[in-house]
Amino acid sequence: MRLFVHELRTEQLLFWRNREAAFFTFFLPVIFFLIFGSVYGNDLIKKEHVKGSQFLEAGMIGYGVAATCFAGLGITLVVRRESGVLKRIRATPLPPATYIIGVLASTFLVFLIEAALIIVIGRTLFSVAVPNALLSLLFVLVLGALTFAAMGLGITALVRSAEGSSAVINAVYLPMAIISGTFFTPKGYPSFLRVIADALPLSHYTKLTRDVMIHNQHFWADRGAIGVVALWGAIGLVGAIRGFRWQPREA
């Protein structure tokens, strides 16, 4: 436990001292919420029958989990692997499982702080009510963190170089975030985009988040969405188990 706490503290210090990582993974969803909330937060989204700020708040939590637990985690681990950091850590007395759990716990903590900040901003600036089903919301946040962290670990197996990590992972997560309806309702998409959106985990996770935050449904109300999100998490976990490496892939 002492090693885990020490590793968690170390990862938090590393994250917040890295201004670029903190901006793109933590502050960018918050900034997008402020910008788009100011633009159409008071409008009624007719196809969703909700206020724009309510719709956007849940969407930015979905965007945040993809940015933090998928893209941020994946890029960080690839860079550490290719720079030899993971190799050196593997040679220390620190158990590998403790290191990985510490990294994941730090990532989850960042995401939970981010989600709480978005909810506070929504309540303070845009008069969005705090969700009634807070326990269900907590389960949704944990599900999203676990799923997209597993996908973040899994995608490291597909990225060969530190230089290409940002390009490859952003090429996956940015289109996913846009198509999945985090910013705009997918009900207005062309049919081919809706087909793509229906296959993406973030679409189902964002819908699940909106069901809990906007419609005050319980976590288990949409079991289909939970199943799709969990399936993608399992795929990511299998990819991580089979492809995660401590040694640099590019000598």
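- Counted within 6.0 Å of CZ on F183, heavy atoms from surrounding residues, nucleotides or ligands total more than 12; the atom is thus considered enclosed.
- The two residues G233 and A150 make their nearest non-hydrogen contact at O-CB, 3.4 Å.
- Between Y173 and Y63, the closest side-chain pair of non-hydrogen atoms falls below 4.5 Å.
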| said: Go through it in stages, so that I can follow the logic: the residues are D222 and I226, the test is side-chain contact (heavy atoms from CB on, under 4.5 Å), and I'd like the CA-CA distance, side-chain angles, deciding distance and then a yes or no. | reply: CA-CA 7 Å; D222 193 345; I226 294 174; 5.7 Å; no
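- Aromatic ring pairs are classed by plane angle as parallel below 30°, tilted from 30° to 60° and perpendicular above 60°; the pair W246 and F244 is perpendicular.
- In terms of heavy atoms, L200 sits closest to S180 at CD1-OG, 3.7 Å.
- Atoms CG and CZ, from L141 and F111 in turn, are 5.0 Å apart once rounded to the nearest 0.5 Å.
- Ring pair F33/F126: centre-to-centre distance below 6.0 Å.
- Atoms CD1 and CG, on I100 and L153 in that order, are 6.5 Å from each other to the nearest 0.5 Å.
- Residue R81 holds its CZ atom at 8.5 Å from OG of S161, rounded to the nearest 0.5 Å.
- A side-chain donor-acceptor contact under 3.5 Å links N216 to the backbone of N132.
- Counting non-hydrogen atoms of neighbouring residues, nucleotides and ligands closer than 6.0 angstrom, the CZ atom of F139 reaches no more than 12 such neighbours.
- Taking hydrophobic clusters as Ile, Leu, Val, Met, Phe, Trp and Tyr residues chained together by side-chain heavy-atom distances below 4.5 Å, V228 does not share a cluster with L237.
- T209 places no side-chain N or O within donor-acceptor distance of the main-chain N or O of A58, the cut-off being under 3.5 Å.
- Under the 4.0 Å criterion applied to side-chain N and carboxylate O atoms, K207 and D211 are assigned as salt-bridge partners.
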| message | Checking L146 against F108 for the side-chain contact (heavy atoms from CB on, under 4.5 Å) test, could you report, in this order, the C-alpha distance in whole Å, the side-chain angles of both residues, the deciding distance, and whether it holds? | response | CA-CA 8 Å; L146 291 173; F108 296 169; 3.7 Å; yes
| task | Report the C-alpha separation of R123 and V128 in whole Å, then their side-chain angles, then the decisive distance to 0.1 Å, and conclude whether the side-chain contact (heavy atoms from CB on, under 4.5 Å) test is met. | result | CA-CA 5 Å; R123 181 70 184 94; V128 178; 5.7 Å; no
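- Side-chain contact between T147 and Y205: absent, with no pair of heavy atoms (C-beta onward) separated by less than 4.5 Å.
- Counting heavy atoms from C-beta on, the side chains of L44 and K51 never come closer than 4.5 Å.
- Here the straight-line distance linking atom CZ of R88 with atom CG of L86 works out to 9.5 Å at 0.5 Å rounding.
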| request: Apply side-chain contact (heavy atoms from CB on, under 4.5 Å) to E57 and M213, showing your working. | output: CA-CA 9 Å; E57 180 181 272; M213 296 188 66; 3.0 Å; yes
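- Around CG of D43, the count of heavy atoms belonging to other residues, nucleotides or ligands within 6.0 Å exceeds 12.
- Counting heavy atoms from C-beta outward, L202 and W232 have side chains that stay 4.5 Å or more apart.
- The 12-atom threshold is not exceeded at NE2 of H6, counting heavy atoms of other residues, nucleotides or ligands nearer than 6.0 Å.
- Residue R245 holds its CZ atom at 13.0 Å from CZ of R90, rounded to the nearest 0.5 Å.
- Checking side-chain atoms of T98 against main-chain N and O of L94 turns up no donor-acceptor pair under 3.5 Å.
- Proximity of a side-chain donor or acceptor of N170 to a complementary backbone N or O of S166 within less than 3.5 Å is detected.
- A distance-only check finds no donor-acceptor pair linking the side chain of H215 to the backbone of R210 [under 3.5 Å].
- With rounding to the nearest 0.5 angstrom, the CZ atom of R194 is 13.0 Å from the CD1 atom of I196.
- Taking hydrophobic clusters as Ile, Leu, Val, Met, Phe, Trp and Tyr residues chained together by side-chain heavy-atom distances below 4.5 Å, V110 shares a cluster with I31.
- F184 and F192 fall within the same hydrophobic cluster, defined by Ile, Leu, Val, Met, Phe, Trp and Tyr side-chain heavy atoms under 4.5 Å apart, directly or through other members.
- Between E11 and R80, at least one side-chain N (NZ, or NE/NH1/NH2) sits under 4.0 Å from a carboxylate O, which counts as a salt bridge.
- Taking 4.5 Å as the limit, every side-chain heavy atom of V65 sits out of range of all side-chain heavy atoms of I61.
- For the ring pair (Phe, Tyr, Trp, His ring centres under 6.0 Å) test with F26, the passing option among F15, F32, W16 is W16; the others fail.
- The hydrophobic cluster containing L14 does not contain F4, counting ILVMFWY residues as joined when their side-chain heavy atoms lie under 4.5 angstrom apart, directly or transitively.
- When the side chains of ILVMFWY residues are joined at heavy-atom separations under 4.5 Å, either directly or via intervening members, L174 and F27 end up in a single hydrophobic cluster.
- A 6.0 Å sphere centred on CZ of R9 holds no more than 12 heavy atoms belonging to other residues, nucleotides or ligands.
- S136 places no side-chain N or O within 3.5 Å of a backbone atom of V212 that could act as its donor or acceptor partner.
- Summarising the geometry of L134 relative to P131, their closest heavy-atom pair is CD2-O, 3.3 Å, with the distance given to 0.1 Å.
- Residues T25 and E114 share a closest heavy-atom pair of O-OE2, 2.8 Å.
- Nearest heavy-atom pair across L3 and P95 is CD1-CD, 3.9 Å.
- Checking side-chain atoms of T185 against main-chain N and O of K187 turns up a donor-acceptor pair under 3.5 Å.
- Counting heavy atoms from C-beta on, the side chains of M60 and V30 never come closer than 4.5 Å.
- The shortest side-chain heavy-atom distance between V103 and L73 falls under the 4.5 Å cut-off.
- Residues L138 and F219 fail the side-chain proximity criterion, which asks for heavy atoms closer than 4.5 Å.
- The shortest heavy-atom contact between V79 and S165 is CG2-OG, 3.9 Å.
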